[in-house]
Amino acid sequence: MMKWLKDQYTKYNEVISYLFFGVLATIVNIGIFYFFDTLLNTPYLIANGLSIIGAILFAFITNKKYVFKSNTTSKEESFREFILFVGFRLASGVFDMLSMYILVSLLTVDTNISKILTQFIVVVVNYVFSKVFIFKQEEGEHD
């Protein structure tokens, strides 16, 4: 049983790591949103934008280092990853902002509930973007 568990962890390490750090990034996102929206009474779309920026920065560092284990050696390649990461995350951020607007302004769902609901879809979309377009490994390249 332990060997099977170890084999499964090894096989799905990237997905497990992504889920772990994705949960942390989501907590960062929701925490920043809550701080600005609920505690400081910042308009919810501004609070949402700030939370997206904070989560993007946190997620880039953790995804690069711990999830996809990108070992870029040049500043240019690291910069390319950062620009691609931010670009794709901003694309999912547009979805996040639009979802928040629809849920809060049109459907009158509570801002914090709306933020949590939106994050479920954003996490999946961001994984696909990161895996396929940003931190892609060359054929045969592994840990």
Side-chain angles (χ1 to χ4, degrees), residues 4-143:
W4 181 83
L5 285 174
K6 184 179 178 189
D7 290 344
Q8 295 306 304
Y9 176 77
T10 301
K11 182 177 179 180
Y12 297 107
N13 183 16
E14 183 179 282
V15 173
I16 292 167
S17 294
Y18 181 79
L19 288 173
F20 176 76
F21 288 107
V23 166
L24 290 180
T26 301
I27 290 169
V28 166
N29 193 324
I30 292 170
I32 293 170
F33 178 78
Y34 179 82
F35 176 77
F36 283 103
D37 174 68
T38 304
L39 299 180
L40 296 183
N41 250 355
T42 305
Y44 79 92
L45 289 176
I46 293 171
N48 196 46
L50 294 170
S51 71
I52 291 168
I53 291 167
I56 287 172
L57 295 174
F58 176 84
F60 176 74
I61 294 165
T62 57
N63 276 254
K64 178 175 176 54
K65 186 170 183 170
Y66 301 112
V67 178
F68 299 105
K69 297 177 177 75
S70 174
N71 294 317
T72 52
T73 55
S74 72
K75 289 180 184 176
E76 293 80 14
E77 186 62 19
S78 292
F79 184 70
R80 183 195 72 79
E81 285 179 344
F82 180 74
I83 293 301
L84 283 172
F85 189 87
V86 169
F88 280 110
R89 290 294 170 112
L90 288 176
S92 68
V94 170
F95 168 80
D96 190 325
M97 294 294 277
L98 185 59
S99 297
M100 288 294 291
Y101 176 77
I102 291 168
L103 290 169
V104 175
S105 294
L106 302 181
L107 300 177
T108 64
V109 177
D110 176 75
T111 56
N112 291 298
I113 300 292
S114 297
K115 184 65 177 172
I116 292 167
L117 291 173
T118 298
Q119 293 314 292
F120 285 109
I121 298 169
V122 168
V123 167
V124 173
V125 169
N126 286 337
Y127 176 78
V128 172
F129 285 163
S130 292
K131 175 73 176 165
V132 175
F133 298 110
I134 302 164
F135 300 114
K136 57 186 175 195
Q137 294 180 343
E138 298 301 322
E139 201 62 35
E141 182 182 326
H142 299 287
D143 298 308

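What you are looking at is a predicted structure, and each value in this text was computed from that prediction instead of being measured.
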Taking all heavy atoms of Met100 and all of Tyr44, pick out the closest pair and write down the distance.
O-CE1, 3.9 Å

Side chain proximity check, Ile52 to Asn48, heavy atoms < 4.5 angstrom:
yes

OH of Tyr101 to CG of Leu106, rounded to nearest 0.5 Å, is 5.0 Å

Using ring-ring contact (aromatic ring centres under 6.0 Å, His included) as the criterion, list what pairs up with Phe85, not counting sequence neighbours.
Phe60, Phe135

Using the rule side-chain contact (heavy atoms from CB on, under 4.5 Å), only one of Val28, Ile53, Ile27 pairs with Phe58; which is it?
Val28

In a check of salt bridge (charged side-chain N to carboxylate O under 4.0 Å, His left out) between Glu81 and each of Lys75, Lys65, Lys64, which one passes?
Lys64

Residues passing the ring-ring contact (aromatic ring centres under 6.0 Å, His included) test with Tyr66, sequence neighbours excluded, are Phe21

Could you grab the distance from atom CG of Leu24 to atom CG of Leu19, nearest 0.5 Å is fine?
11.0 Å

Nearest 0.5 Å, what's the CG-CG distance between Leu50 and Leu45?
11.0 Å

Is any side-chain heavy atom of Leu57 less than 4.5 Å from a side-chain heavy atom of Phe82?
yes

Below 4.5 Å, heavy atoms only, C-beta onward: do Ile113 and Leu117 meet side chain to side chain?
yes

According to side chain to side chain donor-acceptor pair (under 3.5 Å), who are the partners of Gln8, at least two apart in sequence or on a separate chain?
none

For residues Phe120 and Thr26, determine if any side-chain heavy atom of one lies less than 4.5 Å from a side-chain heavy atom of the other.
no

Decide side-chain contact (heavy atoms from CB on, under 4.5 Å) for Val123 and Tyr18; before the verdict, give the C-alpha distance in whole Å, the side-chain angles of both, and the deciding distance to 0.1 Å.
CA-CA 9 Å; Val123 167; Tyr18 181 79; 3.9 Å; yes

Rounded distance (nearest 0.5 Å) linking atom OG of Ser51 with atom CD1 of Ile46:
12.0 Å

Run the salt bridge (Lys or Arg N to Asp or Glu O under 4.0 Å) test against Asp37 and tell me which residues pass, sequence neighbours left out.
none

Side chains of Phe95 and Thr118: does their closest heavy-atom pair fall under 4.5 Å?
yes

Output every pair passing salt bridge (charged side-chain N to carboxylate O under 4.0 Å, His left out) with a member in residues 103-113, not counting sequence neighbours, ordered by first then second residue.
none

Within the structure provided, determine whether Thr62 and Val67 are in side-chain contact (heavy-atom separation under 4.5 Å).
no

Does anything in residues 86-102 form a salt bridge (charged side-chain N to carboxylate O under 4.0 Å, His left out)? List the pairs, not counting sequence neighbours.
Asp96-Lys115

Gln119 side chain reached by Val122 side chain, heavy atoms, under 4.5 Å
yes

Identify the two heavy atoms, one from Ala59 and one from Ala25, that lie closest to each other, and give their separation to 0.1 Å.
CB-CB, 4.2 Å

Any side-chain heavy atom of Phe35 within less than 4.5 Å of one from Thr42?
no

Minimum heavy-atom distance Gly54-Ile32, with the two atoms named:
CA-CD1, 3.9 Å

If you measure from CG on Leu40 to OH on Tyr34, what distance do you get to the nearest 0.5 Å?
11.0 Å

